[in-house]
Chemist: 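Provided herewith is a single structure, encoded as C-alpha cells, for subsequent inquiry.
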Amino acid sequence: MKSKKRYTILRLAALLCFFTLLGACSSDDDSMPAVTPTETGIFTDADGTVYHWVRIDTLEWMVENYRGGTPWYEQSYVSNGFEESFNVSDTEAEDSLIAHNGNYLTWEDAKASAPKGWRLPTDADYQNLERALGMSAADAKKEGWRNGAANLMMQSGTGTMLNFVLNGQLSAWSTSYVDEYHVGDYGCYWTATRDTTKGTNECAFIRVLCAGRNQVQRVACPVKLRWMSVKYVR
C-alpha cells in the first residue's frame with residue numbers, strides 16, 4: 001500500500017523557483033490614489049452563500065474570496081500515477097481558514113467553479129484593474145514585481161473595498177504536513193489566462209501580493225498540483 005504524501009503551503013524558499021521573491025519584494029513609498037467603487041452590491045450563489053461585490057472600472061469583483069466547491073482537504077489528485085488525498089486531522093480549522101481566505105482550488109476547478117454569471121478574471125482583467133488603481137500601463141504589461149496597486153487591492157471596508165487577502169497557496173510539491181499556511185506573507189490568485197510560451201509545461205498567469213509591500217507580481221506559474229484562492233468577476 002502506498003503511503004500518503006503530506007503537503008503544506010509553500011514557504012518563501014519554495015516560491016523562489018517560480019516567483020523570485022527574494023530581493024524582488026522591495027518596499028516603495030508610492031502615494032496611493034483615492035479609488036472607490038462606482039457601485040456595490042450583494043450576490044447569493046446557488047449554495048446560499050452571500051458575497052459582496054464592488055465595481056471598479058468596468059467589472060464587478062467579488063469582495064470575499066470564493067468559498068464554494070469541494071473543500072480543498074477533501075479533494076483528491078493524481079501524483080506520480082497514484083491517486084492521493086490530503087492528510088488533515090482538524091477539518092474545523094480548515095473550514096475556518098476557508099471562511100476567511102476562500103477555498104483553495106486547482107486552476108481547472110477555478111475556471112469551472114464560477115457561479116452563474118461570473119467568471120475567473122483573465123490576465124487582461126487584472127491589468128485593467130491595476131491601471132485603474134494607478135499602475136502605469138507600461139508596468140501593468142510587465143512580468144515580475146510592479147510598483148503600485150497592491151495596497152489599494154487589499155483595502156477592506158473603505159477605499160476600493162476589494163479585500164484581497166494574503167492567503168498563501170497550497171502545493172503538492174512539498175512533503176511537509178499541512179500545519180503552516182503562511183497566511184499574512186503572500187496572497188496568490190489564479191487568472192484564467194494560460195501562458196502559451198512555456199511549451200508542454202502548462203502554466204497560467206497569477207497575481208502575487210507581498211506583506212508590507214505596495215507591489216503586485218505578474219508571473220506565469222505551473223498549474224500542476226497547485227491550489228489557490230480566487231475572486232470572480234462579471
Side-chain angles (χ1 to χ4, degrees), residues 9-38 54-65 101-102 110 120-169 181-198 203-222 226 228-233:
I9 292 292
L10 290 181
R11 284 190 178 275
L12 173 59
L15 284 166
L16 284 172
C17 295
F18 304 105
F19 304 155
T20 59
L21 288 173
L22 188 59
C25 199
S26 59
S27 63
D28 74 89
D29 297 320
D30 291 352
S31 59
M32 292 190 299
V35 180
T36 56
T38 56
V54 295
R55 175 175 284 273
I56 303 291
D57 194 31
T58 62
L59 288 179
E60 294 167 0
W61 291 76
M62 283 186 176
V63 172
E64 297 85 6
N65 289 350
N101 290 339
L120 187 64
T122 64
D123 179 60
D125 292 330
Y126 269 99
Q127 290 186 47
N128 289 338
L129 175 64
E130 290 157 352
R131 287 194 297 268
L133 301 184
M135 185 181 293
S136 71
D139 280 350
K141 294 178 181 179
K142 294 178 181 178
E143 291 193 43
W145 290 98
R146 292 88 39 80
N147 288 335
N151 288 346
L152 292 177
M153 290 170 70
M154 291 188 282
Q155 285 182 335
S156 175
T158 59
T160 67
M161 298 189 290
L162 283 165
N163 193 36
F164 279 78
V165 296
L166 300 173
N167 46 23
Q169 67 163 306
Y181 298 97
H182 299 282
V183 172
D185 293 334
Y186 314 108
C188 302
Y189 288 84
W190 289 120
T191 82
T193 304
R194 182 183 179 190
D195 180 359
T196 59
T197 68
K198 300 298 189 294
C203 295
F205 283 102
I206 67 169
R207 289 303 187 273
V208 184
L209 308 178
C210 180
R213 302 290 186 264
N214 188 25
Q215 297 177 318
V216 183
Q217 189 182 39
R218 174 177 179 254
V219 64
C221 174
R226 289 179 184 272
M228 296 184 194
S229 301
V230 298
K231 288 183 183 293
Y232 290 117
V233 297

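Values below: all heavy atoms of this structure, side chains included; hydrogens, waters and symmetry mates excluded.
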Chemist: Please give me the minimum heavy-atom distance between W145 and V208, naming the atom from each residue.
Modeler: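 Where W145 meets V208 most closely, the heavy atoms are CZ3-O, 3.4 Å.
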Chemist: Tell me whether K141 contacts the main-chain N or O of Q127 through its side chain, where contact means a donor paired with an acceptor under 3.5 Å.
Modeler: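 It does not hold such a pair.
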Chemist: Between atom CE of M228 and atom OG1 of T191, what is the distance when rounded to the nearest 0.5 Å?
Modeler: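 It is 10.0 Å, given to the nearest 0.5 Å.
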Chemist: If you measure from CZ on R55 to OG1 on T160, what distance do you get to the nearest 0.5 Å?
Modeler: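 Taking CZ in R55 and OG1 in T160, the distance rounds to 15.0 Å.
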Chemist: Mind checking whether D125 and T193 have side chains closer than 4.5 Å, heavy atoms only?
Modeler: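 Side-chain contact under 4.5 Å: no.
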Chemist: Measure the spacing between CE of M135 and CG of N128 and express it to the nearest 0.5 Å.
Modeler: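 Rounded to the nearest 0.5 Å, the CE-CG separation comes out at 12.0 Å.
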Chemist: Run D57 and L129 through side chain to side chain contact (heavy atoms under 4.5 Å, CB included) and show every step you take.
Modeler: CA-CA 7 Å; D57 194 31; L129 175 64; over 6 Å; no
Chemist: Nearest heavy-atom pair of V35 and A132: which atoms, and what distance?
Modeler: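 That would be CG2-O, 3.9 Å.
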Chemist: CD/E64 to CG/N163 distance, rounded to the nearest 0.5 angstrom?
Modeler: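 Going from CD on E64 over to CG on N163, the span is 7.0 Å.
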Chemist: Checking N65 against Y189: is there a side-chain donor and acceptor pair closer than 3.5 Å?
Modeler: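 Present: a donor and an acceptor within the cut-off.
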Chemist: Which residues pass the salt bridge (Lys or Arg N to Asp or Glu O under 4.0 Å) test with D123, not counting sequence neighbours?
Modeler: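 Salt bridge (Lys or Arg N to Asp or Glu O under 4.0 Å) check on D123 returns R207, R218.
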Chemist: Would you compute the distance between atom OH of Y232 and atom CE of M62 and round it to the nearest 0.5 angstrom?
Modeler: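 CE of M62 is found 7.5 Å from OH of Y232.
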Chemist: What pair of heavy atoms forms the shortest contact from V216 to G148, and how long is it?
Modeler: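 Closest heavy-atom pair between V216 and G148: CG2-O, 3.7 Å.
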Chemist: Answer whether the closest heavy-atom distance between the side chains of S229 and N167 falls below 4.5 Å.
Modeler: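 They are in side-chain contact.
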Chemist: Going by side-chain hydrogen bond (donor to acceptor under 3.5 Å, both in side chains), name the residues that satisfy it together with K142, two or more places apart in sequence or in a different chain.
Modeler: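 Residues passing side-chain hydrogen bond (donor to acceptor under 3.5 Å, both in side chains) with K142: D139.
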Chemist: In this structure, is the centre-to-centre distance between the rings of W190 and Y126 below 6.0 Å?
Modeler: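 No, the ring centres sit 6.0 Å or more apart.
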Chemist: Within a strict 4.5 Å, meaning less than it, do heavy atoms of the Y186 and L209 side chains meet?
Modeler: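 When only atoms from C-beta onward are counted, L209 and Y186 do not touch, as no gap falls below 4.5 Å.
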Chemist: Is the shortest heavy-atom distance from the side chain of N214 to the side chain of L152 under 4.5 Å?
Modeler: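 When only atoms from C-beta onward are counted, L152 and N214 do not touch, as no gap falls below 4.5 Å.
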Chemist: Within the 4.5 Å heavy-atom criterion, are C203 and C221 side-chain neighbours or not?
Modeler: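 In short, these two side chains do not touch, never coming nearer than 4.5 Å.
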Chemist: Tell me, do R146 and E130 make a side-chain contact under 4.5 Å, heavy atoms counted?
Modeler: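 In short, these two side chains touch, coming nearer than 4.5 Å.
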Chemist: Taking atom CZ of F205 and atom CD of E143, what is their separation to the nearest 0.5 Å?
Modeler: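 CD of E143 is found 4.5 Å from CZ of F205.
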Chemist: Any heavy-atom pair between the side chains of Q215 and C210 that's under 4.5 Å?
Modeler: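 No, too far: nothing below the 4.5 Å cut-off.
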